[in-house]
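Before any comments, here is the structure.
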Amino acid sequence: MAKLIDGRAIAEKVYVDLCREIAELKEKDVTPGLAVVLVGDDPASRAYVRSKDKMCRELGLHSLKLELPASTTQTELLSRVEELNADSAIHGILVQSPPPAHIDETAIVRALDPRKDVDGFHPENVAKLVLDDSSGFVPCTPLGVQRLLIESKININGAHVVVLGRSMIVGKPLALLLMQKNEKANATVTVVHSRSRDLAEITRTADIIISAIGRAGFVQADHVREGAVVIDVGINRVEDAASERGYRLVGDVAFDEVSKKASAITPVPGGVGPMTIAMLISNTVKAARQLL
Ligand code: NDP
């Protein structure tokens, strides 16, 4: 039976370290500040923004929640971004995705000051990830996955990691991060996606499988080598009449069968999810330090 990787407990440990760094910055009269911009009233986005704001406040960060109506124009949003770029109390800026359809998200991301782009989506930060330049910002979910592995003492160095999914938010940056030439990485990385041939044959050769495809129960026992580590990034809604909300959240991995074969596995919820927000705070603290 696989060891359960407890993302909540590891995130708590990250917060303890961050509290120390935040206190050091406060001694220098700097309070790290995060601005989260939400356009429109998508309920899931609203919930994410609320939890980010709550966590910032709990840790003593300056938190600015900017809730703009769905009718906000591209020009208006760009000017709010410009204001935040110029605001010295704000070290990190995040524009909650997805914005309404009339907003050009790529243009908004490019308008961010890359030194405040704590989501790590600005082309300058993507380039820094490719170039192994540690002054850049790495997207929070990939960074959280790497930290989970390190804190769980799972050896990444020299391991064969198979990443399922190639999005710019998870799969691609994760592959780049884990193949970097340093002690926290040095993995041999294979990326598979919807056009990959013989996907299960490839995943069966992995020491570490990381799934980020958004398909409930996709990764089954047959995809996994005995003793492999399985990290489940997926968050999927499945109908559940027994639940008050009528649905429950599950990952990409068929947990019951895979946990019998894997040596370690993350649950959903309570695995990668809590690490994503911890890394957002971590990136904000890093931005504050670098902007000193
Ligand atoms: P995207 O939809 O942007 O990307 C999904 C990727 O999976 C694509 O590369 C796609 O391939 C691939 N894929 C889809 N179906 C299959 C399949 N049947 N076989 C192989 N590959 C497939 O999703 P995201 O990267 O944004 O998110 C992935 C999952 O992670 C989602 O469930 C999301 O909710 C979750 N997530 C969780 C976070 C957390 O904090 N825990 C944070 C961010 C995301 P192709 O490129 O060929 O289309």
Side-chain angles (χ1 to χ4, degrees), residues 5-11 14 36 42-45 47-52 54-55 94-99 105-106 109 118-121 126 129 137-149 151-152 161-178 189-206 209-220 222-224 230-238 247-255 258 265-283:
I5 299 174
D6 184 347
R8 289 198 184 100
I10 296 173
V14 171
V36 180
D42 175 64
S45 296
Y48 287 136
V49 170
R50 244 196 333 265
S51 58
K52 287 166 187 169
K54 183 166 168 272
M55 189 48 77
L94 179 157
V95 181
Q96 185 63 47
S97 190
E105 196 173 4
T106 307
V109 169
V118 285
D119 252 347
F121 298 150
V126 177
L129 177 59
F137 293 101
V138 177
C140 302
T141 302
L143 204 55
V145 168
Q146 184 189 40
R147 187 73 180 261
L148 262 188
L149 292 169
E151 296 288 343
S152 309
V161 176
V162 176
V163 177
L164 287 86
R166 56 175 164 181
S167 77
M168 285 307 296
I169 298 173
V170 192
K172 204 181 281 181
L174 183 58
L176 290 167
L177 183 65
L178 297 183
V189 182
T190 305
V191 179
V192 293
H193 46 75
S194 71
R195 305 293 194 276
S196 295
R197 225 185 316 123
D198 306 325
L199 185 144
E201 235 168 76
I202 299 167
T203 57
R204 274 197 297 271
T205 65
I209 295 177
I210 307 174
S211 184
I213 59 173
R215 301 276 181 273
F218 181 89
V219 178
Q220 298 175 350
D222 186 44
H223 290 85
V224 180
V230 180
I231 306 290
D232 193 351
V233 181
I235 303 176
N236 310 291
R237 277 184 185 195
V238 292
Y247 68 87
R248 68 194 154 88
L249 296 178
V250 299
D252 289 346
V253 176
F255 185 88
V258 171
I265 190 166
T266 56
V268 176
V272 175
M275 293 302 289
T276 296
I277 185 155
M279 292 301 112
L280 174 66
I281 309 282
S282 171
N283 275 350

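We count ligands from 1, going down the list as the structure has it; atoms in each ligand are counted the same way.
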- Query: In the protein, which heavy atom is nearest to atom 14 (C) of ligand 1, and how far is it?
  - Reply: Arg215 NH2, 3.7 Å
- Query: Which is closest to atom 27 (O) of ligand 1 by heavy-atom distance: Val170, Val163, Ile169?
  - Reply: Val170
- Please write down residue, atom name and distance for the protein heavy atom closest to atom 41 (N) of ligand 1. Val233 O, 3.4 Å
- Message: Given 3.5 Å as the limit, does a donor-acceptor pair link the side chain of Ser196 with the main chain of Leu199, or not?
- Response: no
- Query: Side chain or backbone of Asn236 under 4.0 Å from ligand 1, or both, or neither, by non-hydrogen atoms?
  - Reply: side chain
- Item | Nearest option to atom 21 (N) of ligand 1, as decided by whichever heavy atom of Gly251, Ser194, Gly7, Pro139 sits closest | Ser194
- Task: Using heavy-atom distances, let me know which of Ser211, Ala216, Ser167, Pro173 sits nearest atom 24 (P) of ligand 1.
- Result: Ser167
- Message: Looking at atom 9 (O) of ligand 1, tell me if a protein heavy atom falls under 4.0 Å from it.
- Response: yes
- Message: For atom 5 (C) of ligand 1, what is the closest protein heavy atom, and at what distance to 0.1 Å?
- Response: Ile213 O, 3.7 Å
- Task: Answer with side chain, backbone, both or neither: which part of Ile235 has a heavy atom less than 4.0 angstrom from an atom of ligand 1?
- Result: both
- Task: Decide if atom NZ of Lys172 counts as having more than 12 heavy atoms of other residues, nucleotides or ligands within a radius under 6.0 Å.
- Result: no
- Is the closest heavy-atom distance from Leu199 to ligand 1 below 4.0 Å? yes
